[in-house]
Amino acid sequence: MTGILKNSCYLTVALDVPLTRFFEYSFTSEIVPMVGDRVIVPFGPRSLAGVVLGVSSATQLDRSKIREITALPNDMPPLPADVLALSRFCAEYYGHPLGQVLATALPVALRQAKVFISPEPSGVYQASDVGLLLANISARAPLQRRLAEMLALPMARAELAAVSPSAMKWLKTWLEAGWVSFTAALPDAIPLPLAAALANKDQQAAIDQIVDTAGFAAFLLFGITGSGKTEVYLQAIAHCLAQSCQALVLVPEINLTPQLEARFRARFPTARIVALHSGLSDKERVVNWLSASRGEAHIVLGTRLAVFTPMPRLGVIVVDEEHDGSFKQQEGLRYSARDAAVYRAHQRQVPVVLGSATPALETWHNARQGRYRLITLQHRAVGGAMPPKIEIIPMHRAKTVEGLHQATLNIMRDHLASGQQVLVFINRRGYAPVLSCGECGWLGECKRCSAKLVLHLKERRLRCHHCGYEEQIPAACPDCGNQDLRPLGQGTQRVEAALEGLFPDAKILRIDRDNTRRKGSLQEMLRQVSAGEANLLVGTQMMAKGHDFPSLNLVVVLNADAGLFSVDFRGEERMYAQLLQVAGRAGRAGTQGRVLIQTGYHDHPFYSQLLAQDYAAFADSQLDERRSMQLPPFAVYALLRAEAEDGALAKAFLVELQSVLADAPSVQMFEPIVASMQRKAGMERWQLLVMSDTRHPLVNALKRVMPMLETRNNKVRCILDVDPIEL
DNA sequence: AGCACGCCGACT
DNA sequence: GTCGGCGTGCTC
């Protein structure tokens, strides 16, 4: 027996616990773990997964305190240096424990303290003749047929295994029959014939600028709806793939993924494209993530969480609709995936393309300062297409029917009569935003939040949109007993009901979060719209994003004014982006679209800026205002929000933080104030706003209070939000 | 965050 | 008598 001398080493491990410190473990084996490796370790009475941050042959700690790791699963490639660097940056900048940042970076299956059984080995399967294969499969075996169809292209084992638990069994049979072959080839060897596509002069210039870049550069691709930003992404990605590199594409919402994925698949039929978003199962997520990590996936298409995906041959990053608020996570690690993407591109020395028709003012400012290169797409790419005509319908003292101006109704009627589709946009779901008593003025309010209960007539419920509280619609006023309770204001359900009365012949379809909760139902509704099975659409925000409806020519915007008097300084910026985005839904092909905006404040300067449809001018004027008021991007803000059942405790905690921060250099503070929603889910909320001219003093100052947030005060919970998008 | 340990109220 | 409330403290 030859005894192999077993070496012992010490590992510094980051764990998914809300603690800033790391933990050391010993490991005895001839294998030496690498930084970035996943380990399973004992932690107090439980078992946790962690990430190795350091390997050393010695330790400072008392040997008796150090425990041995439970396992080195070796079920993923170690996290690469750039992902670790990005995680460290997020941990420091957003004031979040590194272990928890790394947990966010990993797919759920790899956060768990058990070995992930990876569907190895890597190689590709392909059917020599799909027709022959299908001929040997029963028509009543849809999963087998689906698997067979996938084999038209070279497929990795993992992707096939995800089809069904029996997939590998079937595959084995087919391999034995000779219908399918396995090649242990590296994916880079898969040829990528790239279809040539035409680009107009603007697009070509944009593509040239991006692909001619060596190393890092950030581009702001600024172009109105229909100007062909996607074509620029596609060609930049084609260039990247041609160099055997991988592309990372970030999109705002999961709603957008299938549509964009289809377009990418059509353009790159032989490329391996994987999606990464929270709509996938844990299994699909980890399979796709591993495919990217091993360098097999050519294109990763995902939401903000995909920014952390390890990609050994990363060649370009695209952030589509970069202004979209969903790139900022609103809980836990409150990171901006857009900013993280820029950081990562810099780290990897690759170009990053931020695309938008209405860039975030932060991005616009960076472009104006020359930190980002501004590429403008001036023209609509679709032949003959024109920007929509935006019209203001003044509502002041106007005679209305169910909140619709007579002029609006007439125009809608004309459009419907000529066989076109009409979209009524109202950014409020439910029937009415509040139920009131006509006698005593009582308003239905949530008991746990400082918010009104929204009336959902179809479900016969009053609902709080902030905490999920629900109750039955009261038969009479709880205060005075009056039975005449009236809905105030309008939501999508009420508009839908009104339109049913006004346009009895129209095929009305309502699209909002309430009726698209089920998986695939939004896709189904969008299909109905495209197929012309509906011609009068009522919808919220979610209608506005990226969906093209060729026969939609009129958009009516109700209740637009909400953003004008927002307490948040970003109100106008958001409103402009939103209105321009909805407006973009109108008239994509051939005819000029028409947009009617009903407003009670038609002479507000905002609307003249909107009518000009000149976002650059609007953004510049907004920047002037921001500069004069020391608001972002001319200052860096952080929000400390404390919650407690007793508001006084929350406030006292912030006062304490304030005193700790008081003498921090180059940092200013406001007084603690009640949060914009004072009460939420039974907690009183207070907030403290901290600001600085630049990032570093602010980050340094916040480091002082981090230990105070960690040692959680029994009754007060406090969160830190750096670069908050809502105040 | 979990999870254990620990010390005081209403129940088989 | 003990089941269980959540305060406090620890995790390499």
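Labels below follow one simple rule: chain letters A, B, ... track the order of the sequence lines, proteins then strands, and each chain is numbered from 1. Nothing here was measured: the structure is a model prediction, and the numbers come from that model.
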Looking at every strand, decide which applies to A:Leu19 at a 4.0 Å heavy-atom threshold: base, sugar-phosphate, or nothing.
-> base

Round to the nearest Å and state the distance from A:Gln112 atom CD to B:dA1 atom P.
-> 19 Å

Taken to the nearest whole Å, CG/A:Leu15 to P/C:dC10 is 18 Å

Provide the full list of salt bridge (charged side-chain N to carboxylate O under 4.0 Å, His left out) pairs with a residue in residues 660-675 of chain A, sequence neighbours left out, each pair given once.
-> A:Asp663-A:Arg704

note: A:Ile719, atom CD1; B:dA1, atom C1'; distance rounded to Å ~ 17 Å

Which residues share a side chain to side chain contact (heavy atoms under 4.5 Å, CB included) with A:Arg63, sequence neighbours left out | A:Tyr10, A:Thr59

Could you tell me which residues satisfy side chain to side chain contact (heavy atoms under 4.5 Å, CB included) with A:Val636, sequence neighbours excluded, listed by chain and number?
-> A:Tyr93, A:Arg695, A:Leu698, A:Asp723

So which of residues 31-52 of chain A are in contact with DNA chain B, with a heavy-atom cut-off of under 4.0 Å?
-> A:Pro45, A:Arg46

Taking only residues at least two apart or on different chains, which pairs with a member in residues 34-54 of chain A satisfy side-chain hydrogen bond (donor to acceptor under 3.5 Å, both in side chains)?
-> A:Arg38-A:Asp75

Over how many whole Å does the gap from A:Glu24 atom CD to C:dC10 atom P extend?
-> 19 Å

When the distance from NZ of A:Lys715 to C1' of C:dC6 is rounded to whole Å, what number comes out?
-> 10 Å

Nearest whole angstrom, please: distance from the C1' of B:dA1 to the CZ of A:Arg111.
-> 14 Å

Please confirm whether the backbone N or O of A:Ala562 pairs with a side-chain atom of A:Ser566, one donor and one acceptor, at under 3.5 Å?
-> no

Starting at atom CG of A:Leu11, determine the distance to atom C1' of C:dC12, rounded to an integer number of angstrom.
-> 11 Å

At what distance, to the nearest 0.5 angstrom, does CZ of A:Phe670 lie from CG of A:Leu639?
-> 11.0 Å

Sequence-distant partners of A:Asn427, side chain to side chain contact (heavy atoms under 4.5 Å, CB included), two or more places apart | A:Phe425, A:Thr540, A:Gln541, A:Gln578

CD of A:Gln100 versus C1' of B:dG2: gap in Å, rounded?
-> 12 Å

Expected list for residues 304-312 of chain A: side-chain donor-acceptor pairs under 3.5 angstrom, two or more places apart:
residue, atom, partner, partner atom, Å
A:Arg304, NH1, A:Ser326, O, 2.7
A:Thr309, OG1, A:Ala306, O, 2.6

Which residues pass the side chain to side chain contact (heavy atoms under 4.5 Å, CB included) test with A:Leu443, sequence neighbours left out?
-> A:Val434, A:Ser436, A:Lys452, A:Leu488

Identify, residue by residue, the members of residues 60-70 of chain A with a heavy atom below 4.0 Å from DNA chain C, and return them in order of residue number, or none.
-> A:Leu61, A:Lys65, A:Ile66, A:Arg67

